[in-house]
Amino acid sequence: MKFIVSSSYLLKKLQVIGGVINSNNTMPILDNFLFELSPNLLTVSASDLETTVKGTLEVESDSEGSIAVPAKLLIESLKAFPEQPLTFIVKEGNQIEISTTNGNYQLTYFSAEDFPKPISLPEASKVSLLGDILATAIQKTIFAVGNDDLRPTMSGVFFEFNDEGLTFVATDAHKLVKYQRTDIKATESSDFIMPKKPLNLLKGILAGSESEVTIEYNESNAKFSFDDMEIICRLIDGKYPNYDAVIPKENPNKLTVNRLQFLGSARRVSIFSNKTTHQIRLKVAGSDLQISAEDVDYSNRAEERFACDYQGDDIEIGFNSRFLIEMLNNLESDEVMLEMSYPNRAGILTPLDGLDVGEKVLMLAMPIMLNQQAQ
């Protein structure tokens with residue numbers, strides 16, 4: 001078993017594929033890459049048992065075979081090499097020899113038989129979309145995913161596909177994001193919950209990508225195929241909460257404001273907020289928006305006011321500043337609308353511009369009951 005490959009090309013691919021490898025694995029074989037060689041093609045896989053990433057590289061070879069190669073040692077050595085062709089030769093005694101223009105290096109390999117077998121997806125449904133669209137959907141939702149072990153269904157992003165479009169939802173019970181694409185349809189209705197780790201891998205790889213991604217999924221697994229890569233992952237088991245039930249339908253009070261002005265003000269004022277609640281107070285009357293925060297324990301207080309476009313009754317409502325800032329940060333629009341009904345009902349944040357045709361974003365923030373010391 002022998003092949004020749006560019007050092008930088010191999011390193012770039014291995015760094016992407018190796019993103020799935022955990023720093024401390026329960027099974028030693030998971031510290032390795034699986035190399036599967038066929039004539040002029042090297043398939044590299046890495047896994048943490050829940051998620052498997054597979055990539056195909058063009059190499060110079062006329063042999064076949066498969067071995068498991070220590071991931072950390074290989075990547076560290078490739079980082080130290082200047083760009084050059086590398087010759088890999090598999091020898092007896094579980095040794096791989098890597099030859100460069102001015103050196104030879106040997107490392108131990110392991111049996112490919114011990115590497116976990118890839119998951120198959122019988123009776124899978126299928127949908128295709130542009131890589132950058134998927135990366136955007138993940139980026140717009142993943143920050144709202146929960147970390148509560150007691151509610152595992154909230155620890156992932158909910159994918160909902162039907163003939164009306166694609167919907168992606170994330171919530172941690174304090175904030176919720178619903179991202180929709182009505183310009184892409186699925187042939188049949190289905191839904192599943194994707195864990196965070198493979199989503200972060202996909203987001204990193206596909207940002208700005210013009211490649212088409214094919215998503216195949218059944219009740220327990222999903223596979224994402226694009227270019228010369230595949231990511232297969234186990235889905236989160238369970239029923240996702242009825243997110244539509246928590247989105248208020250009647251919101252007569254509508255505040256329109258410049259997103260960056262709102263974001264900057266919330267950031268500055270929040271520095272003076274209580275370090276436990278992170279509460280900031282929005283007080284809207286006429287065309288005047290007042291944003292304030294107070295930490296009574298330390299007598300810290302901040303207040304800013306600026307003009308806004310507002311339709312509705314005067315209202316005073318409290319939000320967790322961290323959630324509000326996070327939401328405003330994840331939008332790209334110039335103008336945003338905050339829709340409200342009562343101080344104890346969720347506020348709905350939506351962008352008013354900067355969206356593609358068929359793209360919809362809705363963000364929901366649960367209010368914090370106002371402490372009445374600060375007026």
Just list the side-chain donor-acceptor pairs under 3.5 Å for residues 85-94, sequence neighbours left out, or say none.
unit_1, atom_1, unit_2, atom_2, d
K91, NZ, E97, OE1, 3.2
N94, ND2, Y109, O, 3.0

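A side-chain N or O of N22 and one of K197 form a donor-acceptor pair less than 3.5 Å apart. Under 3.5 Å, the side chains of E294 and S273 contain no donor-acceptor pair of N or O atoms. Judged by distance alone, the side chains of S99 and N104 do bring a donor and an acceptor atom under 3.5 Å apart. Side-chain atoms of S8 and E83 form a donor-acceptor pair, as typed in the model, at a separation below 3.5 Å.
R181 and D356 are joined by a salt bridge, as a carboxylate oxygen and a charged side-chain nitrogen come within less than 4.0 angstrom of each other. Using a 4.0 Å cut-off between a side-chain N of Lys or Arg and a carboxylate O of Asp or Glu, E326 and K175 qualify as a salt bridge.
Going from atom CD of E212 over to atom CD1 of I133 covers 10.0 Å, rounded to the nearest 0.5 Å. The distance from the CG atom of L129 to the CG atom of L134 is 5.0 Å, given to the nearest 0.5 Å. The distance from the CD atom of E160 to the CG atom of L166 is 10.0 Å, given to the nearest 0.5 Å. Note: I280 CD1 to I325 CD1 = 6.5 Å, rounded to the nearest 0.5 Å. Atom-to-atom distance recorded for L74:CG and L14:CG is 5.5 Å, nearest 0.5 angstrom. Between the CG atom of D295 and the NE2 atom of H278 there is a distance of 10.5 Å, given to the nearest 0.5 Å.
The neighbour count for K185 NZ, taken as heavy atoms of other residues, nucleotides or ligands under 6.0 Å away, is above 12. Annotation: K2, atom NZ; neighbour count of heavy atoms from other residues, nucleotides and ligands within 6.0 Å does not exceed 12.
Nearest heavy atoms, I291 versus S265: CD1-OG, 3.4 Å. Contact record, V257 with F306: CG2-CE1, 3.4 Å, taken as the closest heavy-atom pair. The two residues T350 and L362 come nearest to each other via the heavy atoms CG2-CA, 4.0 Å. Nearest heavy-atom pair across R301 and F272 is O-CD2, 3.8 Å. Shown here for F3 and S61, the closest heavy-atom pair between the two residues is CB-CB, 3.7 Å. Here the closest heavy-atom approach between residue T141 and residue A137 is recorded as OG1-O, 2.7 Å.
The side-chain heavy atoms of K283 and S292, taken from C-beta on, include no pair separated by under 4.5 Å.
By the ring-ring contact (aromatic ring centres under 6.0 Å, His included) test, F323 pairs with H174, sequence neighbours left out.
Counting only residues at least two apart or on different chains, the ring pair (Phe, Tyr, Trp, His ring centres under 6.0 Å) pairs with a member in residues 191-216 are F159-F192, F161-F192, F192-Y217.
No single ILVMFWY cluster, assembled from side-chain heavy atoms under 4.5 Å apart, contains both L73 and L34.
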